[in-house]
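Inspection log for the structure reproduced underneath, given as structure tokens.
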Amino acid sequence: MASPSKLQHLNVEKIRADFPVLDQEVRPGVPLVYLDSGATSQKPASVIEVMDRYYRTQNANIHRGVYKMAEQSTEDYEMARGKVAQFIGAAKPKEIVFTRNATESVNLVAYSWGRGNLNKGDVVVLTEMEHHANIVPWQMLAAEKGIRLEYIPVNDEGLLDMDALPGLLEMKPKLVSYTAMSNVMGTITPIAEITRMAKEVGAVTLIDGAQSVPHLPINVTELGVDFLVFSSHKMLGPTGLGVLYGREELLEAMPPFLGGGDMIKRVQLHEFSTNSVPHKFEAGTPAIAEVIGLGAAIDYLNAVGMDAIAAHDHELTEHALDRLAEVPGVWVFGPSAEHKSSNAAFTLKGAHPHDVAEILNREGVAVRAGHHCAMPVHEKFGVPATTRASFYLYNTKAEVDHFIEAIYKVKEIFG
């Protein structure tokens with residue numbers, strides 16, 4: 001693997017050489033411009049190779065085998081857990097639970113902590129910019145237990161209306177659950193302020209870090225966060241793997257989410273006792289190769305430096321917004337570059353977002369179109385869908401410029 005620079009200005013060409021998928025053409029003479037990292041990031045060769053090596057040389061189940069391959073797999077799996085804990089500033093590796101994705105991580109908290117701690121009339125505060133994964137589990141719990149859902153509004157700029165939060169906190173919510181970065185607008189929310197204010201009224205906090213953890217440094221211990229969820233596949237790691245961080249005392253008090261192998265200490269015909277945290281929440285054979293792959297992805301991100309990635313992503317976003325502002329008929333969803341990072345969602349007058357995405361595809365530009373699993377915030381602004389370009393450490397300003405040129409071709413087609 002190349003050794004990416006730790007300078008604020010990344011050597012992007014050197015980084016790009018580590019990502020095999022980027023070196024291709026969508027058709028002869030049309031190179032791929034991948035601007036959909038908000039949906040899933042590409043994987044460096046080091047991640048691909050470590051997973052390939054696992055399957056070629058040490059494929060074995062973990063935790064109970066006493067032969068060499070099983071012991072090596074267990075060691076690598078738990079080492080990756082330690083890397084995740086260190087990456088987000090968790091106090092202990094046992095505070096890291098591996099799930100299938102960030103969505104399952106939210107559902108685990110809703111099912112286990114929520115059912116044990118929320119009762120009829122209790123208030124849960126969310127935001128209007130949440131991904132469906134941080135709305136629907138709480139709606140399901142509301143239908144079952146009669147809890148109340150309240151929302152921090154989004155203002156006309158695409159920012160959270162923080163003036164509304166004190167009034168919501170006067171309701172003494174049991175939980176405040178919110179995204180650290182909108183997957184549609186790229187809005188960076190003031191997580192330190194929200195967490196502090198929530199703690200002052202005794203609320204538990206859950207942060208959806210699916211979009212932010214790949215792009216911005218975070219330290220859950222310094223913030224005093226209770227739960228954090230995020231996904232491997234958005235941060236250079238493999239798909240099918242999510243992470244739940246939970247404070248040890250909360251995880252210890254929560255009942256298991258799923259029942260079966262590895263989450264038990266003892267099973268008898270009429271009762272069982274649970275394993276210790278975090279294994280209590282990891283029933284069955286886990287995604288071993290994927291966890292090891294995530295460990296390699298974290299190694300890569302650490303080698304580049306999260307501060308450098310954040311600066312690069314912001315620079316790309318700022319450039320994209322400046323260029324989009326030049327295009328007549330384009331409306332950009334969300335706040336100015338000062339308050340956002342990593343994506344630019346927009347509409348083009350006279351063209352449906354899906355048509356925009358399809359024509360961009362002909363020019364080699366891969367973007368996402370639709371409601372991005374965030375229908376409420378689209379409805380808030382009166383649009384059914386947007387086209388979203390999202391950026392990461394391997395993207396360049398030249399790719400952004402190509403993206404803008406392709407939008408002009410869309411305009412030509414639609415008159």
Value rounded to 0.5 Å, distance of [atom1] in [X] from [atom2] in [Y]:
X      : Y      : atom1 : atom2 : result
His372 : His132 : NE2   : NE2   : 11.0 Å
Leu348 : Ile407 : CG    : CD1   : 7.5 Å
His354 : Thr386 : NE2   : OG1   : 9.5 Å
Ser182 : Leu159 : OG    : CG    : 10.5 Å
Asn155 : Lys380 : CG    : NZ    : 8.0 Å
His402 : Leu360 : NE2   : CG    : 8.5 Å

Please answer whether the main-chain N or O of [Y] pairs with a side-chain N or O of [X] as donor and acceptor at a distance below 3.5 Å.
X      : Y      : value
Asp226 : Thr205 : yes
His312 : Ala310 : no
Ser231 : His233 : no
Thr189 : Thr179 : yes
Glu95  : Glu248 : yes
Lys234 : Pro214 : no
Thr195 : Val225 : no
Gln86  : Lys83  : no
Thr317 : Ala337 : no
Asp161 : Ile152 : no

Taking the side chain as every heavy atom from C-beta outward, state whether [X] and [Y] have any pair of such atoms under 4.5 Å apart.
X      : Y      : answer
Ile309 : Leu301 : yes
Gln211 : His131 : no
Ile188 : Ser212 : no
Val84  : Phe230 : yes
Asn117 : Lys174 : no
Lys172 : Val123 : no
Phe257 : Glu104 : yes
Pro286 : Ile62  : yes

>> Please verify the inter-ring angle class for His63 with His279; under 30° counts as parallel, over 60° as perpendicular, anything in between as tilted.
In response: perpendicular

> Hey, what's the ring geometry for Tyr392 with Tyr394, parallel, tilted or perpendicular (30° and 60° as the breaks)?
Replying inline: perpendicular

Verify the neighbour count for atom [atom1] of [X]: are there more than 12 heavy atoms of other residues, nucleotides or ligands below 6.0 Å?
X      : atom1 : result
Met140 : CE    : no
Glu252 : CD    : yes
Glu249 : CD    : yes
Arg100 : CZ    : no
Lys349 : NZ    : no

> Thr74 and Glu71: side chain to side chain donor-acceptor pair (under 3.5 Å), yes or no, with the steps?
Replying inline: CA-CA 5 Å; Thr74 299; Glu71 290 176 341; over 6 Å; no

>> I'd like to know whether Thr396 forms a side chain to side chain contact (heavy atoms under 4.5 Å, CB included) with Arg16, so could you lay out the CA-CA distance, the side-chain angles of the two residues, the decisive distance to 0.1 Å, and finally the verdict.
In response: CA-CA 10 Å; Thr396 66; Arg16 287 175 65 85; 4.1 Å; yes

Nearest heavy-atom neighbours spanning [X] and [Y]:
X      : Y      : answer
Leu251 : Lys280 : O-NZ, 3.0 Å
Ser105 : Gly242 : OG-C, 4.3 Å
Tyr245 : Arg247 : OH-CG, 3.3 Å
Asn395 : Ser390 : OD1-O, 4.1 Å
Leu393 : Tyr300 : CD1-CE2, 4.0 Å
Leu316 : Lys397 : CD2-N, 3.6 Å

>> Ring centroids only, cut at 6.0 angstrom: are Phe98 and Tyr77 within range, meaning strictly under it?
In response: yes

> Are Glu78 and Arg81 within salt-bridge range, i.e. N to O under 4.0 Å?
Replying inline: yes

>> Check this for me: does any side-chain nitrogen of one of Arg64 and Asp262 sit under 4.0 Å from a carboxylate oxygen of the other?
In response: yes

Does the side chain of [X] pick up a donor-acceptor pair with the side chain of [Y] at under 3.5 Å?
X      : Y      : result
Ser341 : Asp313 : no
His215 : Ser342 : yes
Asp208 : Tyr178 : no
Glu49  : Ser46  : no

>> With side chain to side chain contact (heavy atoms under 4.5 Å, CB included) as the criterion, how do Leu324 and Phe403 come out once you've worked through the C-alpha distance, each side chain's angles and the decisive distance to 0.1 Å?
In response: CA-CA 10 Å; Leu324 284 166; Phe403 158 61; 4.2 Å; yes

> How far apart are the C-alpha atoms of Val176 and Leu169, what are their side-chain angles, what is the distance that settles it, and do they pass the side chain to side chain contact (heavy atoms under 4.5 Å, CB included) test?
Replying inline: CA-CA 9 Å; Val176 178; Leu169 294 179; 4.1 Å; yes

> After noting the C-alpha distance and the side-chain angles of Val125 and Trp138, does the key distance pass the side chain to side chain contact (heavy atoms under 4.5 Å, CB included) rule?
Replying inline: CA-CA 10 Å; Val125 172; Trp138 307 111; over 6 Å; no

>> Arg388 vs Asp36, test: salt bridge (charged side-chain N to carboxylate O under 4.0 Å, His left out). Steps then yes/no.
In response: CA-CA 8 Å; Arg388 184 188 68 187; Asp36 196 24; 3.7 Å; yes

